[in-house]
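Notes to accompany the following structure.
Predicted model, so just to flag it, every value in this text is computed and none were measured.
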Amino acid sequence: MGSWLSTWPAGPGDAHLPALLCLPPAGAGCQQFRAWTPALAGVGQVYGVQLPGRENRWREPMPETFDAAVEAITDELRPIVGTGRRLVVFGHSFGGLLGYEVARRVRPDALVVSACRAPGHWDGAGRGIVDDDEELDKLFDTAGLDPAFLDADTRALMVAMLRKDAVLSLSYTHSHSAPLSVPLHAWRADGDETVTEQDVAGWAAVTTAAFRVHRVEGGHHAVLRRPETLLDHLAGLLRDDAHLPSGTA
């Protein structure tokens with residue numbers, strides 16, 4: 001089995017820098033976060049979570065449950081942060097839900113989610129992707145991908161990954177356990193038709209520490225398409241100089 005974590009060190013001293021764990025959205029791999037390494041050079045080391053069934057792990061089977069995936073990620077992460085390295089967890093969309101469950105197990109210094117429903121709002125999310133081709137086409141449109149311009153093999157691979165991740169999300173049950181005690185930052189794009197204001201506001205209930213909502217323009221994947229503002233924010237959290245008040249902004 002391949003590794004659940006990928007990293008792209010910019011220099012030999014990166015292993016002593018704070019760690020940024022990045023979890024991609026459903027149907028995507030983690031190589032997209034490699035491009036973030038130069039922006040965070042000398043500030044933090046970027047780690048991407050790679051689920052099976054994509055990129056360098058495309059031949060590997062998916063875990064049977066959401067919890068099994070979280071435990072596998074956490075098992076590889078613990079030795080990395082076990083020496084006291086500062087850790088910031090970032091997840092986009094489905095990756096935000098995974099990131100939250102990872103955070104419950106390793107207690108990072110901050111949790112950042114974008115375009116992601118709060119855990120209590122995930123009931124049934126993904127069912128349409130599993131059962132309905134029209135829902136899949138809507139998702140491609142949300143991602144800025146026109147299925148008509150994808151060759152059959154590429155589309156088939158993307159559909160398979162999306163549906164596998166959707167099945168995984170359907171195995172998730174929010175436990176309503178004790179809230180986190182770490183700062184939580186939720187990013188939402190004003191034009192996101194997938195995640196509502198209420199979905200994002202629900203994150204306030206899962207932490208007893210500071211909570212803040214950050215807003216950008218664009219659709220569901222706007223934060224990933226134009227990450228400059230987010231990267232500045234993540235750099236501040238990695239340096240521990242982004243002491244933000246509770247509430248929304």
Side-chain angles (χ1 to χ4, degrees), residues 4-11 13-25 28-50 73-74 77 80-81 84-104 106-116 118 180-190 192 195 200 203-204 206-207 209-218 220-249:
W4 288 76
L5 301 183
S6 297
T7 188
W8 311 275
D14 281 13
H16 302 289
L17 293 173
L20 172 66
L21 183 74
C22 300
L23 300 100
C30 71
Q31 285 294 320
Q32 60 189 297
F33 298 117
R34 184 172 190 168
W36 290 11
T37 299
L40 297 171
V43 177
Q45 183 173 2
V46 179
Y47 291 85
V49 171
Q50 191 75 296
I73 296 165
T74 305
L77 181 62
I80 292 172
V81 297
R85 289 175 73 182
R86 186 170 179 80
L87 171 66
V88 174
V89 173
F90 166 78
H92 182 78
S93 195
F94 176 58
L97 185 65
L98 283 168
Y100 162 70
E101 289 295 333
V102 169
R104 286 184 57 213
V106 299
R107 197 183 181 280
D109 294 278
L111 172 63
V112 183
V113 298
S114 66
C116 184
L180 299 172
S181 58
V182 302
L184 200 158
H185 301 265
W187 288 68
R188 181 182 184 271
D190 290 336
D192 189 347
V195 179
V200 173
W203 282 102
V206 305
T207 184
F211 170 68
R212 191 173 188 186
V213 177
H214 306 260
R215 293 185 174 86
V216 296
E217 298 294 326
H220 186 64
H221 294 296
V223 171
L224 292 186
R225 287 176 178 162
R226 296 180 296 276
E228 294 80 11
T229 303
L230 170 67
L231 286 171
D232 286 344
H233 177 239
L234 292 172
L237 292 172
L238 290 165
R239 290 191 299 259
D240 194 21
D241 62 4
H243 297 291
L244 299 174
S246 58
T248 61

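- Closest approach of A115 to H92, counting heavy atoms only: CB-CE1, 3.4 Å.
- Here the SG atom belonging to C116 is positioned 4.5 Å from the CH2 atom belonging to W203, to the nearest 0.5 angstrom.
- Of the residues L238, L111, L237, V106, the one that meets the side chain to side chain contact (heavy atoms under 4.5 Å, CB included) test with L87 is V106.
- Here the straight-line distance linking atom OG1 of T37 with atom CG of D14 works out to 8.0 Å at 0.5 Å rounding.
- Put simply, the side chain of Q50 gets close to the backbone of C30: a donor and an acceptor are under 3.5 Å apart.
- Minimum heavy-atom separation, V200 to A186: CG1-CB, 3.7 Å.
- Atom NE2 in H185 sits 9.5 Å away from atom CG in L234 (nearest 0.5 Å).
- The one candidate from Y47, W36, Y100 that meets the ring-ring contact (aromatic ring centres under 6.0 Å, His included) condition with F90 is W36.
- Put simply, the side chain of L77 reaches to within 4.5 Å of the side chain of L21, judged on heavy atoms.
- When atom types are taken as modelled, the side chain of R188 and the backbone of V213 share no donor-acceptor pair closer than 3.5 angstrom.
- Within the 3.5 Å criterion, the main-chain N or O of H16 finds no donor-acceptor partner in the side chain of R85.
- Here the straight-line distance linking atom CG of L23 with atom CG of L97 works out to 10.0 Å at 0.5 Å rounding.
- Put simply, the side chain of L17 does not reach to within 4.5 Å of the side chain of L40, judged on heavy atoms.
- Annotation for C22 and P24: closest pair O-CD, 3.9 Å, computed over non-hydrogen atoms.
- The backbone N or O of P183 sits nowhere less than 3.5 Å from a side-chain atom of T207 that would complete a donor-acceptor pair.
- With rounding to the nearest 0.5 Å, the separation of CG in D109 from CG in D240 is 7.0 Å.
- Under the side chain to side chain contact (heavy atoms under 4.5 Å, CB included) criterion, V216 pairs with W187, A189, A222, V223, not counting sequence neighbours.
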side-chain contact (heavy atoms from CB on, under 4.5 Å), that's the test. Do V182 and V89 meet it? Break it down for me.
CA-CA 11 Å; V182 302; V89 173; over 6 Å; no

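- Checked by atom type and distance alone, the side chain of R86 never pairs as donor or acceptor with a backbone atom of G44 at under 3.5 Å.
- Considering CG of D192 and OG of S93, their distance stands at 8.0 Å, rounded to 0.5 Å.
- Taking the side chain as every heavy atom from C-beta outward, V46 and T7 never approach each other to under 4.5 Å.
- Scored by the side chain to side chain contact (heavy atoms under 4.5 Å, CB included) test, R34 finds W8, Q31 as partners (sequence neighbours excluded).
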